[in-house]
Amino acid sequence: MTAHALTDSRPPSAPPEVWDVQRLASLLADVGEAGLRDVLRLFMADLPYLLSQFEAGQAAEDADAADAVLAVVLDSAETLGLAALAARVRGLRAAPLAPDGPRLLASEAARIRFVPSLKHAS
């Protein structure tokens, strides 16, 4: 299903956009495109470790440990304007021991490929 051509609204079942465009524009104004790419690269380098810690919390059936990792990911996602990842993490925090949590988190993280160009951020 695609957005309606005249209204450009998303269908109700569409996943949220990867980036919060307003937050992205603010970050680009603050740190520039190269700076944002560097911060995003650092976050993406840390994400496999965070995913493994989340999985470890789940394996130990430690909801507090799993939720603590999700809190870190949520904070970073909100700071970076990663709207879809933040939305996914908010949902996972409601049930941090849900068995499909690591898969859902990893699949949402996989949607983060690049920083959109400046022309799309304004």
Which heavy-atom pair separates [X] from [Y] by the least distance, and what is that distance?
| X | Y | result |
| --- | --- | --- |
| Ala45 | Pro48 | O-CD, 3.4 Å |
| Ala66 | Leu97 | CB-CD2, 4.3 Å |
| Val73 | Leu105 | CG1-CD1, 4.4 Å |
| Gly57 | Ala65 | CA-CB, 4.3 Å |

Would you say that [X] contacts [Y] through its side chain, given a criterion of any heavy-atom pair below 4.5 Å between the two side chains?
| X | Y | answer |
| --- | --- | --- |
| Phe43 | Leu47 | yes |
| Gln58 | Pro96 | no |
| Leu80 | Leu36 | yes |

Mind checking what makes side-chain contact (heavy atoms from CB on, under 4.5 Å) contact with [X], not counting sequence neighbours?
| X | value |
| --- | --- |
| Asp100 | Ala98, Arg103, Leu104 |
| Arg93 | Asp67, Leu70, Ala71, Leu74, Val89 |
| Ile112 | Val18, Leu40, Met44, Leu82, Leu85 |
| Ser107 | none |

- So, the side chain of Ser26 versus the backbone of Gln22: is there a donor-acceptor pair under 3.5 Å, distance only?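 Answer holds: no.
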- Item | Pairs touching residues 38-58 that satisfy salt bridge (charged side-chain N to carboxylate O under 4.0 Å, His left out), sequence neighbours left out |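 Applying salt bridge (charged side-chain N to carboxylate O under 4.0 Å, His left out) to every pair that reaches into residues 38-58, excluding sequence neighbours, yields Asp38-Arg41.
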- Message: Strictly by salt bridge (charged side-chain N to carboxylate O under 4.0 Å, His left out), give each pair with a member in residues 71-81 just once, sequence neighbours left out.
- Response: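 Listed by first then second residue: Glu78-Arg90.
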- Task: Evaluate the criterion side chain to side chain contact (heavy atoms under 4.5 Å, CB included) for residue pair Val72 and Leu50; output intermediate values, then yes/no.
- Result: CA-CA 8 Å; Val72 170; Leu50 292 168; 4.1 Å; yes
- Query: About how many Å separate CG of Leu27 and CZ of Arg23, when rounded to the nearest 0.5 Å?
  - Reply: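 Atom-to-atom, Arg23:CZ and Leu27:CG are 4.0 Å apart.
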